[in-house]
Number of protein chains: 2
Amino acid sequence: MTKKTTIYDIAKRLNITAATVSRALNNNAKISVATRKLVLQTAKEMNYEQNKLALALKSGKSYNVGVIVPRIDSNFFASVIRGIEEELYPKGYHVIICQTHDQQNLEIENINSLLNAQVDGVLMSISNSEIENNDSFNKLIKKHVPLIFFDRKKSISGVSSVTIDDFKGAYEATKHLIDQGYKRIAHLSNDRSLQIFKNRYLGYKQAIIDNGLEFDESLVIETMSKVAEGRKTTKIFLDMDRRPDAIFSSSDFTALGAIEEIKAHGLKIPEDISVVGFSNEPFTKFMELSITSVDQSPIEMGRIAAQVFLEEVNNSKKVKSEKHIVLTPQLIVRKSSQRLTQLV
Amino acid sequence: MTKKTTIYDIAKRLNITAATVSRALNNNAKISVATRKLVLQTAKEMNYEQNKLALALKSGKSYNVGVIVPRIDSNFFASVIRGIEEELYPKGYHVIICQTHDQQNLEIENINSLLNAQVDGVLMSISNSEIENNDSFNKLIKKHVPLIFFDRKKSISGVSSVTIDDFKGAYEATKHLIDQGYKRIAHLSNDRSLQIFKNRYLGYKQAIIDNGLEFDESLVIETMSKVAEGRKTTKIFLDMDRRPDAIFSSSDFTALGAIEEIKAHGLKIPEDISVVGFSNEPFTKFMELSITSVDQSPIEMGRIAAQVFLEEVNNSKKVKSEKHIVLTPQLIVRKSSQRLTQLV
DNA sequence: CTGTTAGCGCATTCAT
DNA sequence: ATGAATGCGCTAACAG
């Protein structure tokens with residue numbers, strides 16, 4: 001009972017050959033209806049289950065895909081992964097999840113060990129783009145293992161990506177603040193060597209300029225996506241001679257830190273200062289003072305990334321081409337920025 | 001360049017045999033220092049990488065373990081998984097994550113497809129225990145695939161588990177409320193066919209009884225772990241003739257719903273009514289009115305579950321034995337229940 | 001110390 | 001329509 005039954009076992013039982021069993025099971029080649037039926041039936045009787053490992057060795061496909069993210073315990077990435085799984089499971093694929101914790105070496109290690117595990121593809125959100133990590137990517141490309149970036153991408157020839165229009169998200173968030181009457185809008189930025197943060201910065205800047213406000217570079221400070229960092233940086237803003245009357249943060253976590261700091265200073269939100277975050281993490285909705293944020297439709301992003309992977313893995317014959325899908329973000333207005341609500 | 005190099009390639013280059021190469025690479029048997037060095041060096045030159053699939057087929061080990069959880073986009077489960085990965089990655093294992101979304105059929109399907117993928121073990125938190133799903137579990141046991149439960153377990157002979165002492169966590173949470181002077185403490189319960197929720201209920205009940213308060217079954221209502229459900233159920237409490245002055249919730253999400261509903265009724269927290277949750281989800285700390293909750297040390301739980309798996313997978317020879325590890329939860333007191341703070 | 005042989009489980013030529 | 005033979009890449013048993 002402990003030994004698994006193979007196609008040989010069922011072949012022996014039926015006095016036929018393993019090849020025939022294989023054919024019957026895969027209802028591939030021409031085979032007599034009678035034997036197919038017989039094989040299928042006894043296969044069920046003997047609790048036969050295909051050994052995917054053997055199949056993988058034979059076919060070179062493991063039906064595993066690797067997903068690399070900075071971290072898993074953030075709602076955004078967890079939701080993207082959920083989208084990927086929803087799309088891939090029905091097709092028989094499994095998902096192997098790796099975290100980089102924003103460490104460059106782990107990113108490389110993860111790629112290597114996924115390659116080692118013979119994954120059929122890699123979907124990833126890069127951690128940082130300062131150090132050149134192209135060797136790992138080239139390895140994937142050389143081996144024809146489809147690589148798809150989502151959210152945090154890098155521009156590499158032949159590599160597809162699914163992102164959101166961060167520029168637009170930031171532009172609209174900033175425009176929303178301007179529409180609410182705020183004049184001096186600061187920006188809590190983040191590592192701008194990453195395109196997403198760079199684009200959020202640019203969208204913010206453009207909205208400021210397009211609407212006739214003064215763009216002041218000193219109102220842009222780069223920090224890390226942590227609550228405590230958000231507090232620290234916000235303190236700098238609040239201590240300015242001409243302090244800002246609104247903050248557009250590129251992260252919900254720093255937005256939260258900003259709110260804490262503002263309250264600690266005895267200022268009111270959104271009357272004195274307004275705050276807008278980015279990502280629509282669940283807590284932004286849960287807070288008593290709910291936080292306006294930009295939704296990135298992470299589940300959809302995951303599903304689409306998975307679809308792109310499926311296309312690439314199936315179109316092996318055709319000429320390679322890269323595909324860049326850009327989703328439209330959605331501003332979710334909540335209490336932290338709704339100055340005019342009562343007036344309407 | 002696209003073809004991967006195998007041990008045969010490097011054997012040919014060196015005019016030795018593949019077996020020798022294999023030995024050198026695994027620095028196993030006795031082998032001359034010279035050839036080993038030579039093999040290692042040319043292996044590096046030729047960019048050799050072991051094909052784990054072949055190894056898996058040969059050894060019967062895939063170095064993949066399956067992790068099954070109700071959902072991934074909850075901080076608790078994401079953190080447990082993180083703990084599992086931290087422990088398993090250094091040992092060369094990969095983690096395949098499956099979600100059940102609390103659906104029984106998905107639980108069964110996931111086990112089957114993990115089995116199909118030849119995983120070396122399954123770590124899981126069961127979704128519900130109403131329907132008997134023992135066939136799937138028996139399959140695992142028959143095939144000697146280690147199965148370890150974490151958090152949400154089922155009592156099955158030979159299966160180890162890592163849980164927290166939910167009874168104690170609930171007892172202390174309730175005791176804390178009693179110590180703060182609350183007299184009429186309600187309990188927002190959850191599906192008690194799951195041991196964790198049953199034990200939280202029992203801990204609550206025992207604390208009430210031990211401290212000379214009246215245990216009133218009508219103050220216990222079972223609901224689902226969602227914010228909206230928490231609100232609905234809390235409304236029932238608030239509409240009672242003798243309404244409770246405190247609520248111990250078996251979930252942070254229902255606790256949050258309770259808080260919303262209480263505020264909507266114009267009551268003050270914790271002065272009028274106090275609220276305590278369970279799980280220490282991040283938002284409980286983030287809220288302006290931070291929520292007292294019970295921490296379950298999820299990362300530690302994941303690490304230990306992984307360790308138990310490693311023990312089982314390595315001690316194949318010895319007699320099987322089950323191991324039950326129970327972690328001690330920790331009450332984190334925050335604003336939602338600290339009535340006496342100002343007095344101290 | 002190293003070569004030979006064989007097999008893990010399967011799918012796929014080439015025969016028949 | 002089916003059988004025989006082969007190889008995917010690796011390790012282990014048995015010789016030498």
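Lettering of chains follows the sequences in order, A, B, ..., and the numbering in each one begins at 1. Predicted model, so just to flag it, every value in this text is computed and none were measured.
B:Lys91 forms no cation-pi arrangement with B:Tyr93, by the criterion of a distance under 6.0 Å to the ring centre and an angle within 45° of the ring axis.
Taking the six-membered ring for Trp, B:Phe149 and B:Phe137 have ring centres closer than 6.0 Å.
Neither OP1 nor OP2 of C:dG3 sits under 4.0 Å from any side-chain N or O of B:Thr17. OP1 or OP2 of C:dT2 sits under 4.0 Å from a side-chain N or O of B:Ser32.
In this structure, B:Ile31 reaches the sugar-phosphate backbone alone: every heavy-atom distance under 4.0 Å involves primed, P, OP1 or OP2 atoms, never a base. Nucleic acid contact class of A:Leu57 (heavy atoms, under 4.0 Å, all strands): base. B:Ser59 comes within contact range of no nucleotide atom at all, as no heavy-atom separation falls under 4.0 Å. Nucleic acid contact class of B:Ser22 (heavy atoms, under 4.0 Å, all strands): base.
A straight line from CG of A:Leu25 to C1' of C:dC10 spans 11 Å, rounded to a whole angstrom. For the pair A:Asn26 CG and C:dG9 C1', the interatomic distance rounds to 13 Å; values are reported in whole Å. In this structure, B:Leu38 places its CG atom 16 Å from P of C:dC1, rounding to the nearest Å. Nucleotide C:dG3 holds its P atom 8 Å from the CZ atom of B:Arg23, rounded to whole Å. Separating the NZ atom of A:Lys58 from the P atom of C:dG7 is a distance of 18 Å, rounded to the nearest angstrom. Atom CD1 of B:Ile16 is separated from atom P of C:dT4 by 12 Å (rounded to the nearest Å). The distance between atom OH of A:Tyr8 and atom P of C:dG7, rounded to the nearest whole Å, is 11 Å. Across the protein-nucleic acid pair, B:Asn27 atom CG and C:dT2 atom C1' stand 17 Å apart, rounded to whole Å.
DNA chain C is contacted by both B:Val33 and B:Ala54; B:Val33 maps to the nucleotide lying nearer its 5′ end (nearest heavy atom per residue). Mapping B:Arg36 and A:Ile7 onto DNA chain C by nearest heavy atom places B:Arg36 at the nucleotide closer to the 5' end.
Although no hydrogens or angles enter the test, the distance criterion places a donor-acceptor pair under 3.5 Å between the side chain of A:Asp120 and the main chain of A:Tyr63. Formation of a donor-acceptor pair under 3.5 Å by the A:Ser62 side chain with backbone atoms of A:Gln118 is found in this model. Distance alone, capped at 3.5 Å, is enough to place a donor-acceptor pair between the B:Ser32 side chain and the B:Thr35 backbone.
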request  = Could you please spell out the steps behind the salt bridge (charged side-chain N to carboxylate O under 4.0 Å, His left out) verdict for A:Glu85 and A:Arg303?
outcome  = CA-CA 8 Å; A:Glu85 289 183 330; A:Arg303 298 192 77 119; over 6 Å; no

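Taking 4.0 Å as the cut-off between side-chain N and carboxylate O, B:Asp9 and B:Lys4 do not count as a salt-bridged pair.
In the 5' to 3' direction, nucleotides of DNA chain D lying under 4.0 Å from heavy atoms of chain A begin and end at D:dA1 to D:dG9.
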